[in-house]
Amino acid sequence: TLKNEKGIKNLLKSIPLVIKKRTDIQFNFAGGWANEKDKKDALNYINNNNLLDYTNFVGPVDKYSKWNVYNSCDIFVFPGTQQEGQPLVVLEAMAAGLPIICTERGCLIENVIDGYNGYFVEKNNIKDLAEKILIIADDKNLRLTMGANSLIKFQKEYTIDKHINKMIKVLSTL
């Protein structure tokens, strides 16, 4: 779902800083809008800052088409401001082999190892967000290594079999 609490406003504000250095980057946003105000604000910001050529709104995705979106991307960015439990989208991005850029909150501190499979950014720090996007975008080897590390971490810790084994361990202690 696209809404300011998930970081869409911050990501949009980072785009002008990114395109000052790289005009070959496209920002893809997947999901439906949570509310009309956030949608209107986002579209106004894009229009007022001439960002139409750098943004693409995919719209809602189902369990099959979302993998096409993940596979078409090089970096996954989730700069949310609200507290999260375990955001499934981050685990899916890891399973897709993407480097992750996110704020350091909730379970994300267990999913992302800063500098290993992605970077943490300071909440609401647009400059930090743009810098981290550029660091990964500018270094193909880093991008590929971080993406591979995301997949390795996912396979070691978050597959269905791993989850079942953890649940069995917990239940067997009762």
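Count residues from 1 along the sequence.
- N10 CG to L129 CG: the interatomic distance, rounded to the nearest 0.5 Å, is 7.0 Å.
- For the pair I19/I25, no side-chain contact is recorded, criterion being any heavy-atom separation below 4.5 Å from C-beta on.
- Considering all non-hydrogen atoms of both residues, V58 and A30 come closest at CB-CA, 4.2 Å.
- Looking only at side-chain heavy atoms (C-beta outward), I101 and P79 stay at 4.5 Å or farther from each other.
- A donor-acceptor contact closer than 3.5 angstrom links the side chains of N111 and Y158.
- If you take OG1 on T55 and CD on Q26, they are separated by 6.5 Å, rounding to the nearest 0.5 Å.
- Note that the NZ atom of K20 and the CG atom of L17 stand 5.5 Å from one another [nearest 0.5 Å].
- Between V18 and F27, the closest side-chain pair of non-hydrogen atoms falls below 4.5 Å.
- Side chain of S150 to backbone of L98: a donor-acceptor contact under 3.5 angstrom is found.
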Exercise. Walk me through it: do K40 and K37 pass the test side chain to side chain contact (heavy atoms under 4.5 Å, CB included)?
Key: CA-CA 5 Å; K40 182 181 175 187; K37 182 185 181 328; 5.8 Å; no

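- With rounding to the nearest 0.5 angstrom, the OH atom of Y45 is 10.5 Å from the NZ atom of K9.
- Taking every heavy atom of both residues into account, Q82 and R105 meet most closely at O-NH1, 2.6 Å.
- Here the closest non-hydrogen pair linking T103 and G80 is OG1-O, 2.8 Å.
- To the nearest 0.5 Å, atoms CD (E131) and CG (L134) are separated by 8.0 Å.
- Of the charged side-chain nitrogens involved, none lies within less than 4.0 Å of a carboxylate oxygen, so that D139 and R143 do not count as a salt-bridged pair.
- V77 and L12 fall within the same hydrophobic cluster, where Ile, Leu, Val, Met, Phe, Trp and Tyr residues are linked whenever their side-chain heavy atoms come under 4.5 Å apart, directly or through other members.
- Counting heavy atoms from C-beta on, the side chains of I75 and Y119 never come closer than 4.5 Å.
- In terms of modelled atom types and a separation under 3.5 Å, the side chain of T145 and the main chain of L142 share no donor-acceptor contact.
- The backbone N or O of I168 lies less than 3.5 Å from a partner atom in the side chain of S172, making a donor-acceptor pair.
- Of all heavy-atom pairs between S14 and A130, the closest is O-CB, 3.9 Å.
- Using a distance-only test at 3.5 Å, with no hydrogens or angles considered, a donor-acceptor pair links the side chain of D62 to the main chain of Y64.
- Residues V89 and Y70 form a side-chain contact, since some pair of their non-hydrogen atoms from C-beta on lies under 4.5 Å apart.
- Applying the side-chain contact (heavy atoms from CB on, under 4.5 Å) test between I100 and each of N149, V90, I113 identifies V90 as the sole match.
- No donor-acceptor pair under 3.5 Å is formed between the side chain of E104 and the backbone N or O of V121.
- Between E92 and W67 the shortest side-chain heavy-atom distance falls below 4.5 Å.
- Evaluation of the ring-ring contact (aromatic ring centres under 6.0 Å, His included) rule for F57 yields F29, W33 as partners, not counting sequence neighbours.
- Counting all heavy atoms, side chain and backbone alike, L151 lies closest to A95 at CD1-O, 3.3 Å.
- Side-chain N or O atoms of R22 include one that pairs as donor or acceptor with a backbone N or O of A137 at under 3.5 Å.
- Residues D38 and L2 have side chains not in contact (no heavy-atom distance under 4.5 Å, counting atoms from C-beta outward).
- Note: the hydrophobic cluster containing F154 does not contain I136 (ILVMFWY, side chain heavy atoms under 4.5 Å, direct or indirect links).
- In this structure, CD1 in I46 is found 11.0 Å from CG in D41, a value given to the nearest 0.5 Å.
- A donor-acceptor pair is defined here as one N or O able to donate and one able to accept, closer than 3.5 Å; such a pair exists between the side chain of K166 and the backbone of E157.
- A parallel orientation is assigned to the rings of F76 and F78, their planes being inclined by less than 30° (bins at 30° and 60°).
- Sparse packing is recorded around CD1 of I160, with 12 or fewer heavy atoms of other residues, nucleotides or ligands lying under 6.0 Å away.
- M94 and M146 fall into different hydrophobic clusters, where Ile, Leu, Val, Met, Phe, Trp and Tyr side chains are chained together by heavy-atom contacts under 4.5 Å.
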